[in-house]
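In each ligand, atom 1 is the first atom listed, and ligand 1 is the first ligand listed. This is a predicted model, so every value here is computed, not measured.
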Amino acid sequence: MTTISFPDGFLWGGATAANQIEGGYAEGGKGLSIQDVLPGGGIGSPRTEGATPDNLKLEAIDFYHRYAEDIALFAEMGFSTFRFSIAWSRIFPKGDELEPNEEGLAFYDRVLDELEKHGIEPLVTISHYETPLHLAEQYDGWVSRDLIGFYERYARVLFERFGSRVKYWLTFNEINSVLHAPFMSGGINTPAEQLSKQDLYQAIHHELVASASATRIAREVNTNIQIGCMVLSMPTYPLTPAPADVLKAQATEKESLVFGDVHTRGEYPGYFLRALREQGVELQITDEDRETLKHTVDFVSFSYYMSVADTADESKRITGPGNILGGVANPTLEASEWGWQIDPVGLRITLNQFWERWQKPLFIVENGLGARDQLVEIDGVKTVQDDYRIAYLNDHLVQVGEALEDGVDVLGYTSWGCIDCVSASTAQLSKRYGFIYVDRNDDGSGTLERYKKQSFDWYAEVIRSNGASLTR
Ligand code: BGP
């Protein structure tokens, strides 16, 4: 069996988000973000009036104070890239100020200093489920057109300050998740069950315009900047070969594909306009919006955890727990403890589909297995025997190798939650993804000490061998 070969310069690393790792929620002049008042995570609702911040994310894993130690561990694994997000409310505490908060900017300067020291290329998400709370409560988040201007100001500040140090940027994390998690993803304060389709799609339009506008601004500020969109990918297979099931699966997939279509082609596709018409939605699109949308991305990034099935037969549309987008369970696949169906081949399918559809370099910026880990002591050293995680990652990376053989252009791979962090969908710490175990529990107890899991050395070897150590 031949070994798998990744191209020279392939970027290997890990991914995180500010609200899931930083903590320090009220330090350095930071304002509140929607996450600070979202105890349950996921498709959770806006806060009840007057509720005070109270959840694991407030301290998270204390990256705010321990970033140097953590980045040194990433460097020990040989990371050539590290994905993190900038907390919008550290830079603009309320979101609608005219001037940024210098202390917030200075924090990210220090993070970038550490990365530079270790030769790690930063990959920065501008907005990762962290809309300033004030923008949610005063403007109803992205439902308001005003957010385009606030986001443009924020993006410009970031590009001007960090553009010479950060080449790769992502505009919105999993932009399509707003369809199912309007508060977490779009800062939309109206409870999901009361949100009209009209407002939801108008919010999506505003985000798409803001994303394209960020691309325009980036090119004005620094021509070396590469902008990527970021979508939650989830291949949707027909539950049976019945044409009606195939069509249904395709339609479900298109609800997400449209985000990549607009980002790469600069206009809305016909199938989407039809769907809007059929739902009675009339988007308010200005001529200026149409011009802005033409600023397409340099690359497409995506998360991949699982696939699902779909069917036109309502009686068979039994949805499982699964991730934010939901879906019908595929009887041929096993699932994780959280019901996410494990499907390495789906990653190869996704890479081929995206490449053929968009012809833009792809970046896998999230992938991994959330599992309950047990800290054990072996020869006096505390570790986690996470062979299940190694198997999951190995099998997915083998499929990345297959896609490379298929001719797909892949820039890099950042495994999600390279250090244990708070889960986005469930706000638990016990749903762990890391190569590094963090001693903190769901009840908030723990020392915050870091321990290397077995997957730490395994991933280091994958990176050192540029994928050759993977087993088919
Ligand atoms: C994605 C999010 C991440 C991350 C990941 C794993 O949807 O972009 O923020 O958390 O999924 O999901 P979870 O943390 O819910 O297990």
Side-chain angles (χ1 to χ4, degrees), residues 13-22 33-36 38-44 55-57 60-61 63 82-88 123-131 170-187 207 228-234 256 259 300-308 320-327 335-342 347 350 363-373 388-389 392-393 396 413-435 438 440 442:
T16 59
N19 73 88
Q20 293 172 265
I21 60 166
E22 283 181 4
S33 94
I34 53 165
Q35 289 290 349
D36 299 325
L38 185 59
I43 49 177
N55 69 60
L56 280 179
K57 286 165 273 187
I61 60 157
F63 181 82
F82 172 54
R83 175 180 175 220
F84 63 99
S85 72
I86 291 184
W88 191 344
L123 167 61
V124 173
T125 317
I126 297 172
S127 176
H128 191 131
Y129 297 162
E130 302 153 331
T131 310
L170 310 180
T171 52
F172 288 97
N173 181 62
E174 296 187 330
I175 186 165
N176 49 324
S177 61
V178 68
L179 290 166
H180 299 266
F183 182 61
M184 183 171 80
S185 179
E207 285 196 65
C229 57
M230 197 303 201
V231 292
L232 190 172
S233 81
M234 201 162 71
S256 284
F259 292 84
V300 172
S301 79
F302 65 93
S303 61
Y304 178 82
Y305 293 92
M306 60 182 289
S307 63
V308 283
N323 88 14
I324 295 168
L325 298 189
S336 81
E337 202 182 321
W338 281 265
W340 295 23
Q341 292 202 300
I342 300 168
L347 179 52
T350 300
F363 208 139
I364 305 152
V365 297
E366 286 188 30
N367 172 238
L369 178 71
R372 278 181 218 280
D373 290 336
Y388 38 89
R389 180 168 296 109
Y392 178 102
L393 294 172
H396 283 75
Y413 174 91
T414 57
S415 158
W416 173 255
C418 45
I419 181 164
D420 289 348
C421 59
V422 185
S423 149
S425 60
T426 65
Q428 294 168 296
L429 246 154
S430 54
K431 190 180 185 193
R432 299 172 182 273
Y433 287 85
F435 304 111
V438 177
R440 192 164 189 229
D442 287 345

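Ile175 has its side chain out of reach of Met230: every pair of non-hydrogen atoms, C-beta onward, lies at least 4.5 Å apart. The side-chain heavy atoms of Tyr433 and Cys418, taken from C-beta on, include no pair separated by under 4.5 Å.
Every atom of ligand 1 is numbered from 1 in the order shown, and the set under 4.0 Å from a heavy atom of Ser423 is 13 (P), 14 (O), 15 (O), 16 (O). Heavy-atom contacts of Tyr433 reach the following atoms of ligand 1: 6 (C), 12 (O), 13 (P), 16 (O) (cutoff under 4.0 Å). Those atoms of ligand 1 that come under 4.0 Å of a heavy atom in Lys431, given as number and element, are 13 (P), 15 (O), 16 (O).
Scored by the side-chain contact (heavy atoms from CB on, under 4.5 Å) test, Ala17 finds Asn19, Gln20, Ser85, His128, Glu130, Trp416 as partners (sequence neighbours excluded). For Arg432, the salt bridge (charged side-chain N to carboxylate O under 4.0 Å, His left out) partners at least two apart in sequence or on another chain are Asp420.
Under a 4.0 Å heavy-atom criterion, Trp338 is not in contact with ligand 1. Residue contact check for ligand 1: Leu232 places no non-hydrogen atom closer than 4.0 Å to it.
Among the atoms of Gln20, some N or O lies under 3.5 angstrom from an N or O of ligand 1. Backbone and side-chain nitrogen or oxygen atoms of Thr426 are examined, and none is located within less than 3.5 angstrom of a nitrogen or oxygen of ligand 1.
Note on Arg83 versus Glu366: salt bridge recorded, some NZ/NE/NH1/NH2 to OD/OE distance being below 4.0 Å.
Aromatic pair Phe302/Tyr304: centroids not less than 6.0 angstrom apart.
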